[in-house]
Amino acid sequence: MKIYNTLLSSRKPQNITPLDSQTVRIYSCGPTVYDHAHIGNLSAYIFADTLRRAIALAGFDVLHVMNYTDVDDKTIRRSHEEYPKLPAAEALKRLGDKYIAIFADDMRAVGNDVAAVEFIRATDAKTIWGMKDLITRLHAGGFAYIADDGVYFSIEAYRKSGKTYGQLLEVTTGNTSEARIQNDEYDKESAHDFALWKKQKDGEPAWDFELDGHGMAGRPGWHIECSVMSRQSLGQPFDIHTGGVDLIFPHHENEIAQSTALEKNPVMATIFAHNEHILIDGKKMSKSLHNFYTLEDLVQKGYDPLAFRLKMLQSHYRSQTNFTWEGLDAAGNLLQNLRAWADQKHQKAAHKAVASAPYASLLKEMLAASQDDLNMPRALKALADLAGKGEADGVDPDKIQPLLNVVDRLFGLRLAARPDITHAQKDLLAAREAARQQKDWAKSDELRAQLQSQGLNVRDTTSGPVWYRLAA
RNA sequence: GGCGCCUUGGCGGAGUGGUUACGCAGAGGUCUGCAAAACCUUUUACACCGGUUCAAUUCCGGUAGGCGCCUCCA
């Protein structure tokens, strides 16, 4: 199983070989829970979910952890807006609870297996303790310094210790943007230094912290959260760190620096895997550009969240995908066709003995593609071949279910457990067929209209009528 | 300004130094009482200009256009 590694030392698809030779340990940067996730956010988690699925199907055990960033500027600001009467800490907690619940619903809706992931909140007591502990040790080790508004990490100290700041991206003074230097409003010593801890400002929630005799009540910086949560839950180094390409720098670079400053081994994770962004009208989808959609927007327009998942799987995770309604329509139609294929398992008229060899080889290709840097478009081609063949030839009642089970484990499209139609609907179907046999076309068409009103269409085959469900 | 990436048929999107993926959509036809997501056929794609090669969409160089990161960000 190969996956592309963003680390400069690799920058190519790399074999996944778990450090403990058995369990692949994955850490995925999760959402900041201050608002609904947009579909670009969700695409990152569809990527992480699919990666875990492919690794598991490749035969490894997997330990998958994802964090919730539930304390930062945005969450604090929003918590004041939504809960102005509550104390700051309580408001923040409530806001986190609310958007975590919404996020979890969105995750399930797009087919991500939430039960397979361990979620951790940045404000969990254990995480907070761990961050204070790490900051204290970084300070003692000379990698952190205290400024008026908080504690900062010193890139210079890190470099002087012989380690590389710039494992994911060449970092030089030459590629520091003018904006970053000019808009620098913090008390840090040099441009790339970043906050480990921020002192409390008026109205902000705060955790007690004393560092080297200084009262530092405040809150953690963003990067330190992931360093601590990943180590607490997975150990260090671990196998794969995922996130969107926007997190490559500075977030992941900073995580590496914090996580390895005090270690002999400068490796935080063996592989860093990043997904590309969704584009809208050729531009990155982002909250600041106001060109984003939430899952709710799609649902309100009548789209199935799984059609969005399928749309994402139709393009490679490392290529930018332009999001269009037309494209979502296409994915929705494909999803409907796949469901029609899967639903044939309930119908004798669509059953037919099929040789195992073609099923087996397509299954093999499907898995091979997923293990080749998560080439889901290629895997989907194999699935389409299989499903297309099924529609043409009928499905084998003995082989279809085990096959659907594997298809679901890889794609997460929920094709395996689709229910049969009701007895009443079966009776309608039989009555229509009887009318047809008697060439009572009027009655036959009337019964077909009835079925259609219940979302069922019928096609007449040489072995009898086969139903399929209309959209939704 | 620095670094990196991309450019494939109506749309989306794989892939390959020589044999027209795949999905969706359109057209024609088959089948059908009519239908049907069924079947067949079809719409002769690889930004542009050079180079390497027997042969380039595929390799190299350049041009144009686009995108991303360098600042919160999936």
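Here the structure is a predicted model, which is why all the values come from computation and not from measurement. The figures here come from the full heavy-atom set of this structure, side chains too, leaving out hydrogens, waters and symmetry mates. Letters A, B, ... mirror the listed sequences (proteins, then strands); counts begin at 1.
Interface remark: the A:D445 side chain does form a donor-acceptor pair with the B:G33 base, using a distance-only criterion of under 3.5 Å. For A:R318 and B:C5, a side-chain-to-base donor-acceptor distance below 3.5 Å is absent, hydrogens and geometry of angles not being considered. The base of B:C34 sits with one of its N or O atoms less than 3.5 Å from a complementary donor or acceptor on the side chain of A:D460.
With both ends at atom C1', the span from B:G68 to B:A38 equals 45 Å, rounded to whole Å. B:U43 and B:C3: their P atoms are spaced 46 Å apart (whole Å). Remark: the separation of the P atoms in B:A56 and B:G17 is 14 Å, to the nearest Å.
Among the protein residues, A:I278 comes within range of the nucleic acid bases, having at least one heavy atom under 4.0 Å from a base atom. In this structure, A:V458 reaches the bases: a heavy-atom distance under 4.0 Å links it to at least one base atom across the strands shown. Counting non-hydrogen atoms under 4.0 angstrom, A:K287 reaches nothing in the nucleic acid. A:H316 comes within 4.0 angstrom of the backbone, heavy atoms only, and of no base. At the heavy-atom level, A:F47 lies nowhere under 4.0 Å from the strands shown. Counting any heavy atom pair closer than 4.0 Å across all strands shown, A:T321 reaches sugar-phosphate atoms only and no base atom. Among the heavy atoms of the strands lying under 4.0 Å from A:S43 is at least one base atom, whether or not backbone atoms are also near.
When each of B:A21, B:C72, B:A74 is scored by its nearest atom to the side-chain atoms of A:K381, the top-ranked nucleotide is B:A21. Here the nucleotide nearest the side chain of A:D246, chosen from B:A14, B:G12, B:A74, is B:A74. Of the candidate nucleotides B:A14, B:G68, B:G33, B:G33 has the atom lying nearest to any side-chain atom of A:R436. Side-chain atoms of A:T32 lie closest to B:A74 of the nucleotides B:C22, B:A74, B:A36.
Figure legend: cation-pi geometry between A:K311 and A:Y303 absent, as NZ or CZ is not positioned both under 6.0 Å from the six-membered ring centre and within 45° of its axis. With A:F292 as the aromatic partner, A:K287 meets the cation-pi criteria of under 6.0 angstrom to the ring centre and within 45 degrees of the ring axis.
Among A:F249, A:Y152, A:F153, the single residue meeting the ring-ring contact (aromatic ring centres under 6.0 Å, His included) criterion with A:H192 is A:F249. The salt bridge (charged side-chain N to carboxylate O under 4.0 Å, His left out) test with A:E204 singles out one residue from A:R219, A:K199, A:R77, and that residue is A:R219.
Look at CD on A:E326: it is 13 Å from C1' on B:G23, rounded to the nearest Å. Following rounding to the nearest Å, A:E433 (CD) and B:U32 (P) show an atom-to-atom distance of 15 Å. Regarding A:N322, its CG atom lies at a distance of 12 Å from the C1' atom of B:G13, rounded to whole Å. Rounded to an integer number of Å, the gap from CG of A:D35 to C1' of B:C72 is 14 Å. Rounded to a whole Å, the CD atom of A:Q314 is 15 Å from the P atom of B:G15. Protein atom CG of A:L310 is 12 Å distant from nucleotide atom C1' of B:G12, rounded to whole Å. Rounded to an integer number of Å, the gap from CZ of A:F411 to C1' of B:C22 is 12 Å. One atom, CD1 of A:I248, and another, C1' of B:C72, lie 16 Å apart when rounded to the nearest Å.
Under the Watson-Crick or G-U wobble criterion, with both distances below 3.5 Å, B:C34 is left unpaired in every strand shown. The partner of B:A45, taking Watson-Crick or G-U wobble pairs whose two distances both stay under 3.5 Å, does not exist in any strand shown. Across the strands present, B:A56 finds no partner; the criterion is a Watson-Crick or G-U wobble pair with both atom distances under 3.5 angstrom. Under the Watson-Crick or G-U wobble criterion, with both distances below 3.5 Å, B:C69 is paired with B:G2. The pairing partner recorded for B:C39 is B:G29, the criterion being a Watson-Crick or G-U wobble arrangement whose two distances lie under 3.5 angstrom. Across every strand in view, B:A64 sits in a pair with B:U7 that passes the Watson-Crick or G-U test at under 3.5 angstrom. Under the Watson-Crick and G-U wobble criteria, each requiring two contacts below 3.5 Å, nucleotide B:A21 is left unpaired.
Defined by atom type and a distance below 3.5 Å, a donor-acceptor pair is present between the side-chain atoms of A:D373 and A:Y317. At a cut-off of 3.5 Å, with distance as the only test, a side-chain donor of A:E433 or A:Q437 sits close to an acceptor on the other residue.
At the phosphate of B:G15, OP1 or OP2 sits under 4.0 Å from a side-chain N or O atom of A:N375. The shortest distance between the side-chain N/O atoms of A:K283 and the OP1/OP2 oxygens of B:C67 is below 4.0 Å. At B:C69, one or more side-chain N or O atoms of A:K284 fall inside 4.0 Å of OP1 or OP2 (strictly under the cut-off). Between A:N333 and B:A25 there is a side-chain N or O to OP1 or OP2 distance below 4.0 Å. Proximity of A:N337 to the phosphate of B:C24: a side-chain N or O atom is located under 4.0 Å from OP1 or OP2. When the side-chain nitrogen and oxygen atoms of A:T69 are compared with OP1 and OP2 of B:C72, none of them lie within a distance under 4.0 Å.
Taking the six-membered ring where tryptophan is involved, the planes of A:F103 and A:F119 are perpendicular, since the angle between them exceeds 60° and thus also 30°.
Between A:R53 and A:D113 there is no salt bridge, since none of the side-chain N atoms of the basic residue sits less than 4.0 Å from a carboxylate O of the acidic one.
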